[in-house]
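Position 1 is the first residue of the sequence; numbering continues from there. Counting starts at 1 for both ligands and their atoms, following the listed order.
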Amino acid sequence: MTTKLETPAQVDFAAEVSEWIEAFDEVVANDWEQSAELLEALRTRAREAGVPVASELTTPYLNTIPKHDEVPYPGNRPLERRIEALIRWNAMAMVHRQNKKDAGIGGHISTYSSLATLLEVGFNHFFHAKYPSASGKGELPGDFVYFQGHASPGVYARAYVEGRLDEKRLKNFRHELRGEPGLSSYPHPWLMPDFWKFPTVSMGIGPLNAIYQARFMRYLENRGLIEKSDRKVWAFVGDGESDEVDTLGAISLGAREKLDNLIFVVNCNLQRLDGPVRGNKRIIDELEGMFRGAGWNVIKVVWGSDWDELFERDHQGLLLKRMEECVDGDYQAFKAKGGAYLRKEFFGKYPELLKLVEDRTDEQLARLHRGGHDPLKIYNAYKRALEHKGGPTVILAKTVKGYGLGSTEARNASHQEKKLTDESLKYFIQRFDIPVTEEAAKEGAFFRPEESAPELKYLHERRQELGGYLPKREVAKIEFKTPALETLKEWTGGSNNRAVSTTMGFVSLLRHLLKDPTIGKLVVPIVPDEGRTFGLESVIKQVGIYAPEGQKYVPHDSDMLLSYREEKEGQILEEGITEAGSMASFTAAGTAYANYGLPTIPFYMYYSMFGFQRIGDMAWAFADSRGKGFLMGGTAGRTTMLGEGLQHQDGHSHVLSSTVPTCLSYDPAYVYELAVIVQDGLRRMYENAEDVFYYITMYNEDYAMPAMPEGSAEGILRGLYKFRAAAKGEAVVQLFGSGPILNEVLKAQEILSSKYKIEADVWSVTSYTELRREALAVERWNRLHPAEALKKSYLETALEGTKGPIIAASDYMKSIPDMLAPWLPTRLVSLGTDGFGRSDNREYLRRHFEVSAEAIAGATLSKLVREGKVKPKVAQKALAELGLDTEAADPAKA
Ligand SMILES: Cc1ncc(C[n+]2csc(CCOP(=O)(O)OP(=O)(O)O)c2C)c(N)n1
Ligand SMILES: [Mg+2]
């Protein structure tokens, strides 16, 4: 074996390194913050000199804020500990009790157990329910807190201890159908409209919406629609939840737009539902790298104060070394297996570390706190987050899943735990000193001290100091004046034979609404990099694109009429290619009426294919949030959107939108229909305060827009009206058409009349969904009132006396007209665009999907054969005359 001797040069270099380190240590000892600046300056210098320095994204597995930089805890620790213990108990008792009574009803106790201190420090010192107005105009809305959905039992328990929910209400946790108010499983504004503001329980939706909420707050401030304040958006996120692309996918926006009103708190309890989040790694390191890389201020809260003394005594840095050797799977086991195990497996690796803890009992070792359970560490992190300027902050707090739950602590099955063993209950009441007997504990008895008890007085004082209680959803009455339909003659009067599309009609209507002296400023156009697809250039010029830093460059097209205009007060939210982000903006804008008392009116325009199918869960949460606004599905229809083929051509978004209870879906053919729907939508949502929203498809096919037929408004809104009656005598068949396919239907009406002497009425069907909903409601009433006279639905009334079969055609799937089948049993033949799209032009696409005028005429003749009204041979010959390939492959399968 040869020993490699160091050269004199190497020895010199080593000495120099030592000198540098010594000098640096001195700076650190003198001023910790300056030492960071010094390093940064060196790094910059190195980069300038061309030295390749990789920027580090992670820091040692330690708290970001060192002990010597902490401020003391400002609250009354014993009282806060007591309050937290009571809330912990009641949360657990509520879930335990309900599952004992109603097996399988569910609920979670481990998530809140890990989160309690993180929330309590917020409730006692940070979460404002209101802010004073700087302009002296009363009070402003407080902080927006997105709670981890599965922690809701803790939020209910706090409201109980605060006296905002009574015991009866807690006893109705997850019992919402028993004739008295219950508590919903998770945060649902739809179910608890006075309490929850933000639905969060579908993982990833909360954090994504929180980012865009913070952004929308700045948008409103920059546009002068709300007063600036210190308001913050707090998002409590699970570490497992961070696996959702939605959670991390938009974090760069936070840094890019310098959202220092945004604070994420990631509850790193190292576990998700099945087991460890990163058994073989450390989730905190991973998240630190990602957030720092995205430009966030990262504050790690890893270790509790009781580790500080150990760190101080560990002069060799062995403790940190050992910590960085362990992965999250180890850390979970250290908590699950107790103090003796920790001593042996963690400290036992190095004799020096064993010595470090020789004066501690196993019990004390087991109790060594993680940062996320230490109010002092949390307080300091929150304080720093508040003070940080110029960007968002993420706090990565290490916690224990099932903290304080005895044998349930840090087990892989902790998440699913709903009932505790008698032994765990006993452990809990002893550990947290809860004044209920063991017997009562087994039954999940609630406990709330007398109102005069010091802890309650303290709790109320803290909340008064912060402006009241939280969460709370309050909707102020809003004065809103809808522009009358008469003011929209330009859109209801027809296009004078000029060929335009419904999209063009909508864009000009939008421009008009933007100019409206009262509601114009409330309109929020949102677009995910599709502005040019919809012809929004003129709108960009008119109201500008929101850019918090203005326009720092001269756009190359500045000398053109329709240049790209970005400005601080810009009104359009140009989101870039993110339908999920756009939907989050739509959510922030569509709920501003409740969150700010400001009825902003979002119009989110997008490729209809990339709407409900892509962000369906967010649309569901939007409805839960009682959101209002207009989803404008552009380039709609599987045959009208030509050329783009399988991935782009949408023939089913109306099926998907029909599943959302508060979504009113419309598929208008003409601009006047669209104008009537938008005008009535404004009235219903903002003037009548109905918690609904609209999905309207718009197309890019140009054709002449007729003027609105007299008296058609009601039919347009309800979903169907007769557009063109048979010209020559009584109709023997009824043709339904929607969107641009109505034009094919009208052509079919002519073909049938001129070539085959068959007269048809043509109906414009604007909404199968609304027709069905009303028909179902009437049917239900009839079912429940068999002794009363039968009521008729609008659909039945409108079709009364009409003759013959109904042939319904649209650019959507056949299941759309089929929605009416229960009321039109054998009359109905549905034509639609089932199957994958193709790249071709409209003529070929409509022929392929069998929704062309010829296909509609052919389908009519065929149906009349079955009704004995047309001879089979005549029909078969007609199909050939109409150029229909009777042996073509079925497009639904092809
Ligand atoms: C989109 C979605 N997928 C799955 C679930 C089911 N689920 C509920 S909680 C949970 C685990 C959560 O883990 P984590 O985010 O770490 O939160 P913790 O409870 O550990 O604080 C899962 C998978 C869900 N609620 N939403
Ligand atoms: Mg977790």
Side chain, backbone, both or neither: which part of E241 has a heavy atom under 4.0 Å from ligand 1? both
Considering only heavy atoms, which of H108, Q416, M203, K401 lies nearest to atom 18 (P) of ligand 1? K401
Test of proximity, T111 against ligand 1: N or O pairs below 3.5 Å: yes
May I ask you to identify the nearest protein heavy atom to atom 8 (C) of ligand 1, giving residue, atom name and distance to one decimal place in Å? H150 NE2, 2.9 Å
Once you restrict to heavy atoms under 4.0 Å, what part of V237 touches ligand 1? Side chain, backbone, both or neither. neither
With side chains defined as the heavy atoms from C-beta onward, is the minimum distance between F428 and H96 less than 4.5 Å? no
Could R178 and D102 be called an ion pair, given the rule that one side-chain N must be under 4.0 Å from one carboxylate O? yes
Hey, does L115 have a side-chain heavy atom less than 4.5 Å from the side chain of F147? no
In ligand 1, the atoms that come under 4.0 Å of a heavy atom of N267 are 21 (O)
Pair S653, Y695: side-chain N/O donor-acceptor within cut-off below 3.5 Å: yes
Please could you name the atoms of ligand 1 that G240 approaches to less than 4.0 Å, counting only its heavy atoms? 14 (P), 15 (O), 16 (O)
Would you please indicate if the ring centroids of F612 and W620 are separated by under 6.0 Å? no
Indicate yes or no: at least one non-hydrogen side-chain atom of R370 is less than 4.5 angstrom from one of Y331. yes
Taking only heavy atoms of R272, which atoms of ligand 1 are found under 4.0 Å from at least one of them? 13 (O), 16 (O)
Interfacing atoms of ligand 1 (cut-off 4.0 Å, heavy-atom, S202): 1 (C), 26 (N)
Within-4.5 Å side-chain heavy-atom neighbours: Y73 and V121: yes
To the nearest 0.5 Å, what is the distance between CD (E120) and NE2 (H125)? 9.5 Å
Is there a protein heavy atom at a distance of less than 4.0 Å from atom 6 (C) of ligand 1? no
Taking CZ in R614 as the centre, count heavy atoms belonging to other residues, nucleotides or ligands within less than 6.0 Å. Is the count above 12? no
Indicate yes or no: at least one non-hydrogen side-chain atom of I205 is less than 4.5 angstrom from one of D617. yes
Any T393 side-chain heavy atom under 4.5 Å of F291 side chain: no
Which atoms from ligand 1 have a heavy atom of H415 less than 4.0 Å away? 9 (S), 10 (C), 11 (C), 19 (O)
Ligand 1 atoms in contact with V201 (distance to a heavy atom under 4.0 Å): 24 (C), 25 (N), 26 (N)
Measure N269 to ligand 1 on non-hydrogen atoms and call it side chain, backbone, both or neither using the 4.0 Å cut-off. side chain
Under 2.8 Å: N/O/S of N267 next to the Mg ion (ligand 2): no
Atom 17 (O) of ligand 1: closest protein heavy atom, distance to 0.1 Å, is Q148 NE2, 3.3 Å
Relative to the heavy atoms of L273, which atoms of ligand 1 are at a distance of less than 4.0 Å? 11 (C), 22 (C), 23 (C)
Angle subtended at the Mg ion (ligand 2) by OD1 of N269 and OD1 of D239, nearest 10°: 100°
